[in-house]
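Take a look at the structure set out below.
The figures that follow rest on heavy atoms only: side chains count, while hydrogens, waters and symmetry mates do not. Sequence lines set the chain letters: A, B, ... in the order given, protein chains first and strands last, and positions in each chain run from 1.
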Amino acid sequence: MDESNELMRQRKEKLSEIRKAGINPYPHKFTPTHTTAVIRKDFDKVDETPDETHRVTVAGRIMTKRDHGKSSFANLQDSKGQIQIYVRRDGVGAEPYLIYRRFDIGDIIGVSGVVFRTRTGELTILVDEVELLSKSIRPLPEKWHGLQDKQTRYRQRYADLIMNPDVKEVFIKRTQIVRAIREMLDAQNFIEVETPVLQPIYGGASARPFTTYHNTLDQQFYLRIANELYLKRLIVGGFDRVYEFSRDFRNEGMDRDHNPEFTMLELYQAYADYLDIMELTENLIAKTVEKLHGTTQINYQEKTIDFTPPWQRMTMIESIQKHADIDPESFSKHELYTTVVDAGIKLEGDESRGEIIAELFDVFVESKLDQPTIIYDYPIEVSPFAKKKPDNPDFVERFEFFMCGMEVGNAFSELNDPIDQRRRFMEQASKLEKGDEEAFMVDEDYLRALEYGMPPTGGLGIGIDRLTMLLTDQYSIRDVILFPQMRPES
RNA sequence: GAGCCGUUAGCUCAGCAGGCAGAGCAUCUGACUUUUAAUCAGAGGGUCACAGGUUCGAUUCCUGUACGGCUCACCA
């Protein structure tokens, strides 16, 4: 970390020269009057004649420097973009000019001057005052190729953000997506809440948890894999519409669409069922896309995706019939099993019929769902918190939606029958005992809440990272998470 | 967890059928008051990821390790 090379030695020398000249290289405060973006907007019409009424003060990082004897051009980058500055010895004075010439690419400076246009038409600040705001002692990547190395980009996201404006844009869009969803939910009288990250019993999803330990309580805790059960406790408590952007943690592999910590929006709406939630989902996402892009059709990795509601809807069985060209309903359990195994998937052998059907879906269908598609009616065995279909107890009122081959969300008519829920918990508990690391424990307190009575409720979870990938055309989840999980540097 | 690929200057990358380590940008010195990948003249900068092995000699070949990328498996 403390590697020293010639470039850094030179910069540290300049730093002490600057100090010796009586200049504080790290002053406390500076007050810009403009950002580069505002300058571009407000001074769009200026010509080549400097005019005192076009005076601005801006702060930013020196990104390029073109010194020419007694004058110098540089590009200053602030949070909104870049602007060229033109510093002349005659403009700032001989002493300050000499100091300015010692500044490096990467230094953060503040300048005052008037906006004009050079004879090549470039909007430029003719500077008469320069102040060093922060001396940079580590060289930035070069200007032309920038920072490419993915490892460095993810580990040193700060350098990535300095060098690659597109990256910053992605994260601004991520914020806009979250804000758009929040505004829409708020407008529909949903209440945003916060629930525990540290949970004594994990649940609400099938995943291996991270464990941690509370010293004072002398007890093991889990980082939440979902916040589902807490939000439904709040529905019991009389909040009819709640949501939370929940950072969840799952102790599993990492790849293009999995990071150990990720963000999920979960929402619950009392007196709604999964059909209502389907409609809510389509609208929520279509409107978010429209707010971000001005249209509901966007490109993702060369494919055009149309979010305009209503989306295609298929039951899980129908989707398998269509994409796998087999009819699970007419297959015996053994035939289903053989089909999956023949596709090269390892099974334990003790899977239930429903689990095998879900496996068929994963293997044959999921990757083919490019356009937004709602797959509904899931086998009960893979859906321990969803309500059974009134006419078929083997299936539940659950849907997931997919786009570009990725699962983006999951929803159901919430199971509110405490007796049935206890039975489902017991099944999970026995799986856990048999060594299924993704099964979970009985949550007695959650059952107690259901016993008080939970209204019929529809619930929804949306993977915010994946949604952001789609809406910002990013191939990897690492490109929509500022600090993706990495192994420690040696 | 498995397979394939990668790791060379601050950055982006060449190179090496095994024989003194290369370029561009960046940096330093000098010239230059409208340049914008500024230009011109000169200079410095390397544990070739790490550890072993083969060899007279390894950055290059072999083995292992670390980290990363892609694909697959698991998962959302």
Side-chain angles (χ1 to χ4, degrees), chain A residues 3-11 13-14 48 50 63-75 82-92 97 102 104-106 116-124 126 136-156 159 163 204-208 225-226 246 248-266 344-346 358-359 362-363 366-367 382 400-402 406-410 437-438 461-467 469 475-478 484 486-490:
Chain A
E3 83 265 39
S4 61
N5 57 53
E6 192 191 351
L7 299 178
M8 289 188 68
R9 274 200 309 277
Q10 286 167 353
R11 284 175 176 232
E13 259 173 50
K14 288 182 186 175
E48 297 182 18
M63 297 304 288
T64 61
K65 208 156 172 264
R66 296 174 292 282
D67 291 334
H68 296 240
K70 297 178 187 66
S71 76
S72 171
F73 288 92
N75 284 80
Q82 293 195 2
I83 190 110
Q84 177 168 268
I85 62 170
Y86 184 37
V87 181
R88 293 194 300 188
R89 195 179 66 172
D90 292 351
V92 295
Y97 185 72
R102 306 298 291 159
D104 290 303
I105 289 171
F116 77 114
R117 217 171 268 283
T118 63
R119 60 180 171 222
T120 53
E122 177 88 18
L123 202 64
T124 302
L126 180 60
S136 163
I137 58 169
R138 183 178 290 271
L140 284 174
E142 61 128 321
K143 61 192 169 190
W144 192 240
H145 299 89
L147 180 61
Q148 306 283 340
D149 182 69
K150 286 193 177 180
Q151 184 164 181
T152 312
R153 287 187 43 220
Y154 296 145
R155 289 190 194 281
Q156 302 182 34
M163 297 307 297
S206 300
R208 292 161 65 187
I225 59 172
S246 173
D248 294 343
F249 306 82
R250 298 189 183 176
N251 208 337
E252 285 156 357
M254 299 148 60
D255 61 25
R256 154 174 137 69
D257 51 7
H258 296 268
N259 194 65
E261 56 181 297
F262 64 103
T263 303
M264 182 140 74
L265 165 71
E266 287 202 37
I345 305 301
K346 289 173 296 246
E359 193 65 44
D362 286 348
V363 175
E366 181 168 350
S367 64
V382 297
E400 294 187 314
F401 60 98
F402 299 83
M406 271 192 300
E407 182 195 334
V408 179
N410 181 20
E437 288 178 305
E438 285 168 7
I462 297 178
I464 294 297
D465 313 271
R466 289 182 181 179
L467 183 64
M469 286 168 66
Y475 180 74
S476 167
I477 199 167
R478 290 187 209 88
M486 302 282 276
R487 286 196 168 82
E489 292 177 76
S490 54

*Which base sits across from U55(B) as a Watson-Crick or G-U pair, both distances under 3.5 Å?*
none
*C13(B) and C70(B): how far apart are their P atoms, nearest whole angstrom?*
15 Å
*Tell me what Tyr154(A) touches on the nucleic acid: a base, only sugar-phosphate, or nothing, going by heavy atoms under 4.0 Å.*
sugar-phosphate
_Checking contacts here: which listed nucleotide (U34(B), C67(B), A76(B)) is nearest the side-chain heavy atoms of Thr118(A)?_
U34(B)
*From U33(B), A76(B), A37(B), pick the nucleotide closest to the side chain of Asp90(A)?*
U33(B)
_Identified pairing partner of G44(B), criterion: Watson-Crick or G-U wobble below 3.5 Å_ = none
*For the side chain of Gln151(A), starting at C-beta, report the closest nucleotide among A76(B), G68(B), U33(B).*
G68(B)
_So, does Lys143(A) get its side chain near the phosphate of C11(B), meaning an N or O under 4.0 Å from OP1 or OP2?_
no
*Figure out the CD1/P separation between Ile225(A) and C74(B), and round it to whole Å.*
19 Å
*Of the nucleotides U34(B), C70(B), U71(B), which has the atom closest to the Phe73(A) side chain?*
U34(B)
*When rounded to the nearest Å, what value does the distance between C1' atoms of C61(B) and G1(B) take?*
30 Å
*Could you check which nucleotide pairs with A17(B) in any of the strands shown, counting Watson-Crick or G-U wobble with both distances under 3.5 Å?*
none
_For a quick check of understanding: with a heavy-atom distance under 4.0 Å over all strands, which category does Arg466(A) fall into, base, sugar-phosphate or nothing?_
base
*Could you please name the partner base of C32(B), counting Watson-Crick and G-U wobble pairs only when both distances are under 3.5 Å?*
none
*How far, in whole Å, is C48(B) from U60(B) if one measures between their C1' atoms?*
9 Å
*Return the set of residues passing side chain to side chain contact (heavy atoms under 4.5 Å, CB included) with Ala205(A) (not counting sequence neighbours), or none when no residue passes.*
Ile225(A), Ala226(A), Arg250(A)
_Nearest whole Å is fine: how far is A37(B) P from Lys65(A) NZ?_
18 Å
*asked:* At 4.0 Å (heavy atoms only), tell me whether Phe116(A) reaches a base, stays on the sugar-phosphate, or touches nothing.
replied: base
*Of the candidate nucleotides C11(B), U29(B), G68(B), which contains the atom at the shortest distance from the side chain of Met486(A)?*
G68(B)
_If you assign each of Asp104(A) and Lys70(A) to its closest nucleotide in RNA chain B, which residue comes earlier from the 5' end?_
Asp104(A)
*asked:* I need the minimum non-hydrogen distance between Thr124(A) and Thr118(A), along with the two atoms involved.
replied: OG1-CG2, 3.3 Å
*Between G18(B) and U55(B), how far is it from one P atom to the other, in whole Å?*
16 Å
*Name all residues meeting the salt bridge (charged side-chain N to carboxylate O under 4.0 Å, His left out) criterion together with Glu400(A); count only those two or more places apart in sequence or in a different chain, and write none if there are none.*
Arg398(A)
_Please check: side-chain N/O of Arg155(A) versus main-chain N/O of Met486(A), any donor-acceptor pairing under 3.5 Å?_
no
*Criterion side-chain hydrogen bond (donor to acceptor under 3.5 Å, both in side chains) against Asp104(A), the qualifying member of Lys14(A), Lys65(A), Arg138(A)*: Lys14(A)
*asked:* Looking at every non-hydrogen atom in both residues, tell me the closest pair between Val87(A) and Tyr97(A) and how far apart they are.
replied: O-CE1, 3.6 Å
*What is the distance, rounded to the nearest whole Å, between atom CZ of Arg119(A) and atom P of A38(B)?*
17 Å
*Distance in angstrom units between Glu142(A) CD and G10(B) C1', rounded*: 10 Å
*asked:* Regarding Thr64(A), tell me which of base, sugar-phosphate or nothing describes its non-hydrogen contacts under 4.0 Å with the strands shown.
replied: nothing
*Of all the choices, U34(B), G69(B), U33(B), which nucleotide is nearest to the side chain of Lys150(A) once you look at every atom?*
G69(B)
*asked:* Can you tell me which nucleotide in C74(B), C67(B), U35(B) comes closest to the side chain of Asp255(A)?
replied: C74(B)
*Determine the interatomic distance between P on A43(B) and the same-named atom on A37(B); round to the nearest Å.*
27 Å
_Closest listed nucleotide, where the reference is the side chain of Thr124(A) and the choices are G24(B), C32(B), U35(B)_ = U35(B)
*Apply side chain to side chain donor-acceptor pair (under 3.5 Å) to Ser206(A) and Glu438(A), showing your working.*
CA-CA 5 Å; Ser206(A) 300; Glu438(A) 285 168 7; 5.5 Å; no
*How far does the P atom of U12(B) sit from the matching atom of G19(B), given to the nearest Å?*
27 Å
*Side chain of Gln84(A), base of U35(B): donor and acceptor closer than 3.5 Å?*
yes
*asked:* Rounding to an integer number of Å, can you tell me how far Gln148(A) CD sits from C13(B) C1'?
replied: 11 Å
*Protein-nucleotide distance (Arg478(A), atom CZ; G68(B), atom P), rounded to Å*: 9 Å
*Within the distance-only criterion (no hydrogens, no angle test), does the side chain of Arg153(A) pair as donor or acceptor with the backbone N or O of Leu147(A) below 3.5 angstrom?*
no
*Give the minimum heavy-atom separation between Asp67(A) and Ser72(A), together with the two atoms involved.*
OD1-OG, 2.5 Å
_What is the separation between atom CE on Met63(A) and atom P on A26(B), rounded to the nearest whole Å?_
13 Å
_Check the orientation of His68(A) and Phe73(A). Use parallel for under 30°, tilted for 30 to 60°, and perpendicular for over 60°._
perpendicular
*Hey, does Asn259(A) reach any base, or is it just sugar-phosphate, or nothing, if we go heavy atoms under 4.0 Å?*
base
*State the pairing partner of U12(B); accept Watson-Crick or G-U wobble contacts with both distances under 3.5 Å, and report none otherwise.*
A23(B)
_Shortest non-hydrogen contact from Pro139(A) toward Met8(A)_ = CD-CG, 3.7 Å
*Have a look at Arg153(A) and say if it touches a base, only the backbone sugar-phosphate, or nothing, with a 4.0 Å heavy-atom cut-off.*
nothing
*Once you round it to whole Å, what is the distance between P of U34(B) and OH of Tyr86(A)?*
5 Å
_Can you build the contact string for nucleotides 39-46 of chain B? Use B for base contact, S for sugar-phosphate-only contact, and - for no protein heavy atom under 4.0 Å._
-----BS-
_Assuming nearest nucleotide by heavy-atom distance, tell me which of Pro139(A) and Arg117(A) is located more 5' along RNA chain B._
Pro139(A)
*Spacing of the P atoms in C11(B) and U47(B) (rounded, Å)*: 12 Å
*So which heavy atom on Glu407(A) is nearest to which on Glu366(A), and how close?*
N-OE2, 3.6 Å
*How is Gly91(A) classified with respect to the nucleic acid when contacts are heavy atoms under 4.0 Å: base, sugar-phosphate, or nothing?*
nothing
*Could you please name the option among C11(B), C67(B), U35(B) that lies closest to any side-chain atom of Arg66(A)?*
U35(B)
*Under a 3.5 Å cut-off for both distances, is G68(B) Watson-Crick or wobble paired, and to whom?*
C5(B)
_From U34(B), A76(B), C70(B), nucleotide with atom closest to Glu407(A) side chain_ = A76(B)
*Using a heavy-atom cut-off of under 4.0 Å over every strand shown, decide if Glu438(A) touches base, sugar-phosphate, or nothing.*
sugar-phosphate
*Is the distance from OP1 or OP2 of U33(B) to the nearest side-chain N or O of Arg89(A) less than 4.0 Å?*
no
*When rounded to the nearest Å, what value does the distance between C1' atoms of U8(B) and G24(B) take?*
15 Å
